[in-house]
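A short worksheet on the structure shown next.
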Amino acid sequence: MLAAFSGFRRSAGAARLAAATAASGLVAAGVLSGAGRAAADETPQTEGGAAATIDGLKTYGEAVIHENGGDQRVQAGLFEMSVDGGGTLQTYCVDLHNPTQRDAYYEETSWSGTSLGTNKDAGKIRWILQNSYPQINDLAALAQRAGTGSLTEQDAAAGTQVAIWRYSDHVKVDAVDPQAEKLADYLQKSAGDLGEPQASLTLDPPAVSGHPGDLLGPVTVHTNATGVAVTPPTDAATSGVRIIDKTGKVITSAQDGSQLYFDIPEDASTGTAQLTVQASTTVPVGRAFASDSRSQTQILAGSSESTVSATANATWASKGAIPAVSARKDCAKGGVDIIVANKGDQPFTFELMGTEHTIPAGATRTVTIPLQEDQAYDFTITGPHGFTHRFTGVFDCKTQGALTTQTTQVHNEPSPATVGGTTAPGTDLAATGGSAITPLIAGVAIGFVVIGGAVLVLLRKREQPDN
């Protein structure tokens, strides 16, 4: 029996919607940041869909990772997230050796923007999610199918997470509880290969451009919701910009496959506008969730009715280059794709990473900016008519792949306020959640060791008699 997601909660926060910025600029440029920046300064690109804050590990058991000749005990199970605008998500981890940052902010993303995009077993992970807890919440039926003894929710969550890790991180890992281990073995051996699920809500393309008097678009709605609300630009009443369909009808609601257009008045001066679509729906099982805080990648196991949203931007001018720019992470290519469409009557030239790129009038090009794993990036593209667009984020496309001496950093004990379940006192138990402050503590500790060593060397030199 398929599970209806239980324990729904409503978030009081309003939906966080990505906004394009407009500022003066005549030369296209790109900047790569060498370190993460404050969240308030960042304008990360988003594909649309659900955005949520992780609340912690809620239903879990124990597992043991066998690597490098040693064993490491960890907590394994279901996380919960609170969705912006309302709703709750349940997720499993698909990035075992990366820490989960407390209160990390996540956005729904395609597999191609995560380690799943280059993992040949990603479809098997989705099969496991569809055929185990919490999608199947009849634990007696699940136990009978898997040939286990009686299963608790903790056993089911732990066994499911262990099976997922075997495919997401390709590690040797066992559940501590015998019934959870039997479930993990059953799921691993039975897993079929399912395709990537549909996004809850996206707009394609996310940016369009053209001349005043033209219809800019179409922008196609892709969603699993029965319908979406369409919000026109905030200054529509004064600018005269309308959101219409191909027949000229003003659109205030749409559905999957609907095509939307920006209707720009002929006498409009150079400018930009943004439309927003929003819906309430359950996010499809198997959708990936990634964070620019380097918090471990998650995959969706269950969803309440949740708020989802997406935006599209339009740029127009009467002459010259008229660019429409968007970006997406591409793990297969090892970089970020910058997609530029030029609907103007002159070429659009911009520079990124020391290389100049020219997009002819009427053409669309994709420029891939190669990045190192875990590298923070900050690209700003500017152009004529005050055009500017900034893309920021962290390129996180790989699982760490092996336990290191920093395992305790990766698997810190989560805060009791955000993590449920029980842990036996005195056990060598680590958690799949971590705190952002731990690397800082580790760095400070290493610094003290280095300083201490230097002091010892200096003291020894002072103790040596002069010749």
Side-chain angles (χ1 to χ4, degrees), residues 56-79 90-100 115 119 121 124-125 128-129 131-134 139 142-143 146-191 295-299 301 398-416 418-435 438 442:
L57 194 61
K58 297 297 183 179
T59 306
Y60 58 88
E62 302 174 23
V64 177
I65 307 168
H66 311 285
E67 279 188 317
N68 298 333
D71 293 338
Q72 174 68 33
R73 182 171 287 199
V74 298
Q75 293 171 341
L78 273 173
F79 289 85
Q90 288 179 310
T91 61
Y92 286 107
C93 158
V94 288
D95 194 4
L96 173 58
H97 297 312
N98 202 34
T100 300
S115 59
N119 185 343
D121 293 323
K124 293 181 179 179
I125 296 173
I128 292 170
L129 294 166
N131 291 274
S132 191
Y133 181 77
L139 297 182
L142 180 60
T148 71
S150 178
L151 287 172
T152 65
E153 290 183 344
Q154 289 74 20
D155 296 337
T160 305
Q161 178 65 90
V162 166
I164 289 172
W165 278 336
R166 291 173 182 175
Y167 284 124
S168 66
D169 292 74
H170 298 102
V171 294
K172 182 173 175 53
V173 55
D174 299 318
V176 171
D177 182 87
Q179 310 312 321
E181 174 63 13
K182 288 180 181 178
L183 175 61
D185 288 343
Y186 160 75
L187 294 170
Q188 180 187 11
K189 294 173 183 176
S190 302
S295 190
Q296 65 184 193
T297 304
Q298 304 281 316
I299 192 165
K398 297 179 181 178
T399 57
Q400 188 170 327
L403 286 173
T404 69
T405 55
Q406 296 178 333
T407 300
T408 53
Q409 169 187 331
V410 172
H411 300 293
N412 281 322
E413 185 69 23
S415 165
T418 60
V419 177
T422 57
T423 301
T427 58
D428 178 21
L429 182 61
T432 55
S435 168
T438 307

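Numbers for residues simply follow the sequence, beginning at 1.
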With side-chain contact (heavy atoms from CB on, under 4.5 Å) as the criterion, how do Thr399 and Ser168 come out once you've worked through the C-alpha distance, each side chain's angles and the decisive distance to 0.1 Å?
CA-CA 8 Å; Thr399 57; Ser168 66; 5.6 Å; no
d(Asp155 CG, Leu139 CG) to nearest 0.5 Å is 9.0 Å
Under 4.0 Å between a side-chain nitrogen and a carboxylate oxygen: does that hold for Lys182 and Asp177?
no
In Å and rounded to the nearest 0.5 Å, what is the SG to CD distance from Cys93 to Gln296?
3.5 Å
By side chain to side chain contact (heavy atoms under 4.5 Å, CB included), which residues pair with Ser295, not counting sequence neighbours?
Thr100, Gln101, Ala104, Tyr106, Ser291, Ser293
Tell me yes or no: between the side chains of His66 and Asp174, is some donor less than 3.5 Å from an acceptor?
yes
Using side-chain heavy atoms (C-beta onward) and a distance below 4.5 Å, is Leu78 in contact with Gln161?
no
Between CG of Leu57 and CZ of Phe79, what distance do you get to the nearest 0.5 Å?
4.5 Å
Counting distance only, does the side-chain N/O of Asp71 pair as donor-acceptor with the main-chain N or O of Val64 below 3.5 Å?
no
Backbone of Ile128 reached by a side-chain donor or acceptor of Ser132 within 3.5 Å:
no
Lys172 with Glu67: basic N within carboxylate O range, under 4.0 Å
no
Main-chain N/O of Leu187 paired to Asn131 side chain as donor or acceptor, under 3.5 Å:
no
Show your reasoning for whether side-chain contact (heavy atoms from CB on, under 4.5 Å) applies to Arg166 and Val173.
CA-CA 7 Å; Arg166 291 173 182 175; Val173 55; 3.8 Å; yes
Testing the basics here: between Pro134 and Tyr92, what is the closest heavy-atom pair and its distance to 0.1 Å?
CD-OH, 4.2 Å
Checking side-chain contact (heavy atoms from CB on, under 4.5 Å) for the pair Gln188/Val162: CA distance, chi angles, key distance, verdict?
CA-CA 9 Å; Gln188 180 187 11; Val162 166; over 6 Å; no
Pairing donors with acceptors under 3.5 angstrom, does anything connect the side chains of Gln179 and Thr148?
no
Roughly how far, to the nearest 0.5 Å, is the CD atom of Glu153 from the OH atom of Tyr133?
3.5 Å
Under 3.5 Å, is there a donor-acceptor pair between the side chain of Tyr60 and the main chain of Gln154?
no
Check: Glu181 side chain, Ala175 main-chain N or O, donor-acceptor pair, under 3.5 Å:
yes
Does Ala63 offer a backbone N or O that forms a donor-acceptor pair with the side chain of Arg73 under 3.5 Å?
no
How long is the span from the CH2 atom in Trp165 to the OG1 atom in Thr160, to the nearest 0.5 Å?
11.5 Å
Reported CG-to-CG distance for the pair Leu183 and Leu142, which is rounded to 0.5 angstrom
5.0 Å
Verify, without hydrogens or angle tests, whether Asp121 (side chain) and Lys124 (backbone) share a donor-acceptor contact under 3.5 angstrom.
no
